Novice: 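Structure incoming, see below.
Everything numeric here is computed off the predicted structure, so don't read it as measured data. A note on names: the letters A, B, ... follow the listed sequences, proteins ahead of strands, and every chain is numbered from 1.
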Amino acid sequence: MAKHETPLLDQLESGPWPSFVSDMKQEADARAKNEKNIEYQVAQDNIEDLLGVLELSYNDCTTHWKHGGIVGVFGYGGGVIGRYCDQPEKFPGVAHFHTLRVNQPSGHFYTTDYLKKLCDLWEFRGSGMTNMHGSTGDIIFLGTTTPQLEEVFYEMTHKLDQDLGGSGSNLRTPSDCIGEARCEFACYDTQDLCTHLTMEYQDELHRPAFPYKFKFKFDGCPNCCVASIARADLSFIGTWRDEIQIDQEAVQAYVNGEIKPNGGAHAGRDWGPFDIQKEVIDLCPTGCMKYENGKLEINNKECTRCMHCINVMPRALRPGKDKGCSILAGAKAPILDGAQMSSMLVPFIKVNKENEYAEIKELIENIWDWWMEEGKNRERLGELMKRQGFQKLLEVTGLDPDPRMVQEPRHNPYIFWKEEEVPGGWDRDINEFRKHHQR
Amino acid sequence: MAFVSSGYNPDKPMEDRITDIGPRNYEEFYPPVIKKNKGKWLYHEILEPGVLVHVSESGDEVYTVRVGTGRIMSVTHIREICEIADKYCDGYVRWTTRNNVEFMTDSKDKLQPLLDDLKGRKFDGGSLKFPIGGTGAGITNIIHTQGWIHCHTPATDASGTVKATLDEVFEDFQNMRLPAHLRISMACCLNMCGAVHCSDIAILGYHRKPPMVDHAYIDKMCEIPLAIAACPTAAIKPKKVELEDGTTVNSVEVNQSRCMFCGNCYTMCPALPLADKEGDGLVLMVGGKVSNRISAPKFSKVVVAFIPNETPRWPTLTQTIKKIVEAYANDARKYERLGEWAERIGWERFFEKCDLEFTHHLIDDFRDPAYYTWRQTTNFKF
Ligand code: HEM
Ligand code: HEM
Ligand code: HEM
Ligand code: SF4
Ligand code: SF4
Ligand code: SF4
Ligand code: SF4
């Protein structure tokens, strides 16, 4: 017998899509039965209360969680989010219900052995509910009490060799696409760069010293499967600068209908036979391809590497061999001043494992120095870029201006010339001027 | 329920303390076939919806089965995923960016039994535990946020709107009939933890009433200057207020006509709550994308200014989404993303084809970017 009636939530148990309500109920049952005789460290019926408080929200269409109470683990300024229920008498099991962010392994690969250990820990010391994963990428442990925070952290670090992720005004947990691990389009090793920078910047991740949050995300190619261009202060997007590799025989196989275009992604509808002219050549945004006499030609100098042709014919076309990444800066969600996407900062850089990504780290640190010096409280990098200008960003990173950085040149001539750029400087003699110009 | 110590000593927090060790290294978690062929993959193919094969230059193959999840997940459910991965995948499993689970195996023989097993698993309430799909030109799982289950600022629920929407468009999770990928995202307030601002379809929680001021408590609960500074529209001013008992307190005044209902002040100061049953609801945005394919990444645009919170299944929301998906499926060209389609036919045509009303709320009036969304040409369609 459920502790609270949940007639509204119960209606979310039907339908084909996995029901989170059913899942919560099965966990509530498992805790009530406690077949393994676990000495639960937080309320055994906390999921009943979580369902109860959620049902209340479904009735009155408002939240019952409070913003309040600074909690965390000793020495860290992030990784734990304090959470309290505003109806603690009715739902004592979730009166204190803090969240931990657990830094996910890059690429989100797991062994079951490790996952089971995480589950054992969280069942014992927490609610047993998680998010797999948070939108930033962390494993999210949803709901425990203040005294358990240090205990969870101690067990995680001592027994699972596992640390917390970021929250607050610090480096947020970096995340990456699957990349080279299982994707033929990847132009650099996203997992390695993601992990390397996460490890390199542990201090920045755990101890808030920034004006606001800062995010890295790593996409192996311009398809942007982790949406780095929309969600990261620094977006690392794989690319190449030589020729797309062509296998002409495979092109023929596509043309002859022997291979399904786009890896079979359109198989759910009859779009008619594959037409290379219509589906590839004519859709190439730069018009740099042609198909004549059974041969595909690409004018690579004009190609902008949008991935379309490669996506359509992955067995015939592959990114070039001289690979690296583009680095774009400044994406953020709309708060406060409107959404921004990242803007091109470094059109091409080699992703150099051998020297532990020294050039990339130098760039990151130059940007951070500027932002920490000049950024206002709660000002994201993208906002600082708007306030002080892209030219300032070039100055602090020591990068040379490049037309690849802009969509088009400026629309106004209001150039803030610097004194040293103007021959003779700005110090002039008015008396000399007056010799030739009467008052 | 006795307290069981982990070994941590609160009197000496630094004793044996381990910090800054970061995540577990990804190498430990690669299945052998991935480790061996990393960086050597030649091509992939979607064998059927939700089932992929990747082929390496070594000749090795890896078969992947992608299944949807509710994202909120119990340890019981994770253990069930582990049980399946132990049985068919040598104890390895992964998650995707969009909260799907991927079971991988290096042999085709194991594929069919795995698929059969997954299809048979259901929750007691009747829904599928592991729906197979989410590949190719269709709809995959919905990125979303915390909602009423865990956050203090939501204007709607996240898990519930997502479940209701995915039930409505479920067929498109399992067949690949759309002109291109269609990504749906959900965020329950305009802080957008779900980063919904570049999605084909974005569901966004939105408040419509300015905050109330808890005069008697505000000076005790909050740093008033921080609440004032938090407001992006400078709608909050300090004010001395006389309470009913005659005492005068430091408080604030909200210039209600300037409020954009962002809840920033409430994040800073719990004495400024704004949640409200009639006030809160949803905004629907469409036409964003993050891929660079063919056209540049795009922001999503607001096409429905308000949909009420109709718990528990939000029928107006899900039917409106369905209507947009159908109009797109019927009219767009192969490879065309929703936003590319809308731009090609023109937004005036988009509203007509999707049978959506264009109201004054949909014309941007927020600061600089607004101007760039007005029409500076005489070219339009009747
Ligand atoms: C007192 C208990 C508090 C709790 C439990 C709490 C909780 C949270 C949570 C969960 C978030 C979002 C997670 C994140 O982005 O890190 C957040 C964000 C934020 N909170 Fe609080 N908060 C508290 C107090 C405060 C106070 C006193 C202030 C300001 C004086 C404040 C200012 C902010 C700001 C500015 C953000 C956005 C920061 C960001 O996204 O990194 N919070 N808070
Ligand atoms: C107290 C309420 C809040 C809760 C419970 C909350 C929760 C979360 C969670 C669980 C994540 C995913 C974290 C991860 O995977 O590491 C997240 C990400 C995020 N949060 Fe919040 N958050 C809150 C407040 C805020 C605020 C105040 C802001 C903005 C000012 C904010 C903006 C974001 C953004 C932009 C992301 C990242 C999205 C991405 O990486 O694509 N959140 N939040
Ligand atoms: C071999 C080709 C590709 C592979 C292996 C691949 C892999 C992936 C994976 C694993 C995900 C996460 C999926 C999920 O969570 O359900 C993903 C997401 C995504 N993919 Fe791809 N992808 C490929 C091609 C493409 C193409 C051709 C496009 C665009 C035309 C694309 C655009 C996206 C987008 C927009 C997302 C969602 C990003 C997000 O918001 O999480 N991908 N892709
Ligand atoms: S971003 Fe590119 S490399 Fe990464 S998974 Fe997507 S398609 Fe592959
Ligand atoms: S990658 Fe894009 S721009 Fe380059 S040839 Fe292919 S379709 Fe054209
Ligand atoms: S989107 Fe808003 S309401 Fe939803 S979890 Fe994030 S901050 Fe909370
Ligand atoms: S909700 Fe936002 S706009 Fe309105 S008063 Fe608060 S901070 Fe200002």
Novice: Contact part of Phe366(B) toward chain A, heavy-atom cut-off under 4.5 Å: side chain, backbone, both or neither?
Specialist: side chain
Novice: Do the ring planes of Phe29(B) and Tyr110(A) sit parallel (below 30°), tilted (30 to 60°) or perpendicular (above 60°)?
Specialist: tilted
Novice: Side chain, backbone, both or neither: which part of Leu12(A) has a non-hydrogen atom closer than 4.5 Å to chain B?
Specialist: both
Novice: Checking heavy atoms, do the side chain of Asp120(A), its backbone, both or neither come under 4.5 Å from chain B?
Specialist: both
Novice: Over all heavy atoms of both residues, which pair between Cys198(B) and Ala230(A) is shortest? Give the atoms and the distance, please.
Specialist: SG-CB, 3.5 Å
Novice: Any chance you could measure Ser56(B), atom OG, to Glu184(A), atom CD, to the nearest 0.5 Å?
Specialist: 11.0 Å
Novice: Heavy-atom distances under 4.5 Å only: say whether Ala370(B) touches chain A with side chain, backbone, both or neither.
Specialist: neither
Novice: Apply side-chain contact (heavy atoms from CB on, under 4.5 Å) to the pair Ser19(A) and Lys163(B), showing each step before the final yes or no.
Specialist: CA-CA 7 Å; Ser19(A) 167; Lys163(B) 158 77 174 150; 4.0 Å; yes
Novice: A side-chain contact here means heavy atoms from C-beta on lying under 4.5 Å apart; do His44(B) and Phe185(A) qualify?
Specialist: yes
Novice: Working to the nearest 0.5 Å, report the span between OG1 of Thr97(B) and NE2 of His108(A).
Specialist: 7.5 Å
Novice: Between Ala187(B) and chain A, with a heavy-atom cut-off of 4.5 Å, which part of the residue counts as in contact: side chain, backbone, both or neither?
Specialist: neither
Novice: How far does CZ of Arg333(B) sit from CG of Leu283(A), to the nearest 0.5 angstrom?
Specialist: 9.0 Å
Novice: What part of Met14(B) gets closer than 4.5 Å to chain A, counting heavy atoms only: side chain, backbone, both or neither?
Specialist: side chain
Novice: Hey, what do you get for NE2 (His77(B)) to OG (Ser22(A)), rounding to the nearest 0.5 Å?
Specialist: 10.5 Å
Novice: Apply side-chain contact (heavy atoms from CB on, under 4.5 Å) to residues Thr311(B) and Cys61(A) and explain how you reach the verdict.
Specialist: CA-CA 8 Å; Thr311(B) 57; Cys61(A) 293; 4.1 Å; yes
Novice: What heavy-atom pair brings Lys129(B) and Pro18(A) nearest, and what distance separates the two atoms?
Specialist: O-CG, 3.8 Å
Novice: What is the minimum heavy-atom distance between Pro23(B) and Gln202(A), and which atoms define it?
Specialist: CD-NE2, 4.4 Å
Novice: Check each atom of Asp20(B) against the heavy atoms of chain A and say whether the ones under 4.5 Å are side chain, backbone, both or neither.
Specialist: both
Novice: Do Thr19(B) and Asp163(A) come close enough that some side-chain heavy atom pair is under 4.5 Å?
Specialist: no
Novice: Shorter than 4.5 Å, heavy atoms on both sides: which option in Asp90(B), Leu52(B), Thr69(B), Leu178(B) has the most such pairs with chain A?
Specialist: Thr69(B)
Novice: If I measure from the heavy atoms of chain B, does Arg305(A) come under 4.5 Å with its side chain, its backbone, both, or neither?
Specialist: neither
Novice: For chain A, find which of Gly279(B), Gly126(B), Gly288(B), Ser5(B) contributes the most heavy-atom pairs closer than 4.5 angstrom.
Specialist: Ser5(B)
Novice: Would you call Ile78(B) and Met132(A) a side-chain contact if the rule is heavy atoms closer than 4.5 Å?
Specialist: yes
Novice: With only heavy atoms counted, which part of Leu54(A) is less than 4.5 Å from chain B, the side chain, the backbone, both or neither?
Specialist: side chain
Novice: Do Met341(A) and Val290(B) come within less than 4.5 Å of each other through their side chains, counting heavy atoms only?
Specialist: no
Novice: Any idea which heavy atoms bring Arg17(B) and Phe74(A) closest together, and the distance?
Specialist: NH2-O, 3.1 Å
Novice: Could you check whether any side-chain heavy atom of Arg318(A) comes within less than 4.5 Å of a side-chain heavy atom of Leu42(B), counting everything from C-beta outward?
Specialist: yes
Novice: When the aromatic ring centroids of Trp17(A) and Phe173(B) are compared, is their separation below 6.0 Å?
Specialist: yes
Novice: With side chains defined as the heavy atoms from C-beta onward, is the minimum distance between Pro297(B) and Cys224(A) less than 4.5 Å?
Specialist: no
Novice: Between His64(A) and Trp148(B), is the ring-ring contact (aromatic ring centres under 6.0 Å, His included) condition met? List the steps.
Specialist: CA-CA 7 Å; His64(A) 289 282; Trp148(B) 290 331; 9.0 Å; no
Novice: Do Tyr114(A) and Glu28(B) have side-chain N/O donor and acceptor atoms under 3.5 Å apart?
Specialist: no
Novice: Where is the tightest heavy-atom contact between Asp86(B) and Lys116(A), given as atom of each residue plus distance?
Specialist: OD2-NZ, 2.6 Å
Novice: Between Ala339(A) and chain B, with a heavy-atom cut-off of 4.5 Å, which part of the residue counts as in contact: side chain, backbone, both or neither?
Specialist: both
Novice: Under a 4.5 Å heavy-atom cutoff, which of Cys269(B), Ser295(B), Ala180(B), Pro179(B) has the most pairs with chain A?
Specialist: Pro179(B)
Novice: Please look at Ser14(A) and chain B and tell me whether the side chain, the backbone, both or neither of the residue comes under 4.5 angstrom of a heavy atom of that chain.
Specialist: both
Novice: Non-hydrogen atoms of chain A under 4.5 Å away: do they reach the side chain of Pro10(B), the backbone, both or neither?
Specialist: neither
Novice: Would you mind checking which part of Val4(B) comes under 4.5 Å of any heavy atom in chain A, side chain (CB onward), backbone (N, CA, C, O), both or neither?
Specialist: both
Novice: Please determine, by modelled atom types, if Tyr26(B) and Asp176(A) share a side-chain donor-acceptor pair under 3.5 angstrom.
Specialist: no
Novice: How about His308(A) and Arg293(B): does a side-chain donor come under 3.5 Å of a side-chain acceptor?
Specialist: yes
Novice: How long is the straight-line distance from OG of Ser127(B) back to CZ of Phe20(A), given to the nearest 0.5 Å?
Specialist: 10.5 Å
Novice: Is Thr111(A) close to Arg24(B) at the side-chain level, that is, under 4.5 Å between some pair of heavy atoms?
Specialist: no
Novice: With a 4.5 angstrom heavy-atom cut-off, is it the side chain or the backbone of Asp157(B) that approaches chain A, or both, or neither?
Specialist: side chain
Novice: When you check the side-chain N and O atoms of Gln26(A) and Thr76(B), is any donor under 3.5 Å from an acceptor?
Specialist: no
Novice: Which of the residues Lys334(B), Glu48(B), Lys122(B) is involved in the greatest number of heavy-atom pairs with chain A at under 4.5 angstrom?
Specialist: Lys334(B)
Novice: Step by step, would you call Glu155(A) with Tyr8(B) a side chain to side chain donor-acceptor pair (under 3.5 Å)?
Specialist: CA-CA 9 Å; Glu155(A) 286 204 28; Tyr8(B) 171 73; over 6 Å; no
Novice: With His150(B), which of Asn131(A), Thr99(A), Thr63(A) fulfils side-chain hydrogen bond (donor to acceptor under 3.5 Å, both in side chains)?
Specialist: Thr99(A)
Novice: Tell me, side chain or backbone of Val21(A) under 4.5 Å from chain B's heavy atoms, or both, or neither?
Specialist: neither
Novice: Quick check on Gln148(A) against chain B: is it the side chain, the backbone, both or neither that has a heavy atom closer than 4.5 Å?
Specialist: side chain
Novice: Can you tell which part of Thr198(A) gets under 4.5 Å to a heavy atom of chain B, answering side chain, backbone, both or neither?
Specialist: side chain
Novice: With a 4.5 angstrom heavy-atom cut-off, could you sort out which part of Gln340(A) is near chain B: side chain, backbone, both or neither?
Specialist: backbone
Novice: Looking at Val33(B), Thr135(B), Asn37(B), Thr64(B), which has the largest count of heavy-atom pairs under 4.5 Å with chain A?
Specialist: Thr64(B)
Novice: Can you name the closest pair of heavy atoms from Leu115(A) and Cys82(B) and give their distance?
Specialist: CB-SG, 3.7 Å
Novice: Heavy atoms, side chains only, cut-off 4.5 Å: are Glu102(B) and Arg182(A) in contact?
Specialist: yes
Novice: To the nearest 0.5 Å, tell me how far Thr96(B) OG1 sits from Ile178(A) CD1.
Specialist: 9.0 Å
Novice: Side chain from CB out, backbone as N, CA, C, O: work out which of these in Phe170(B) comes under 4.5 Å of a heavy atom of chain A, or both, or neither.
Specialist: side chain
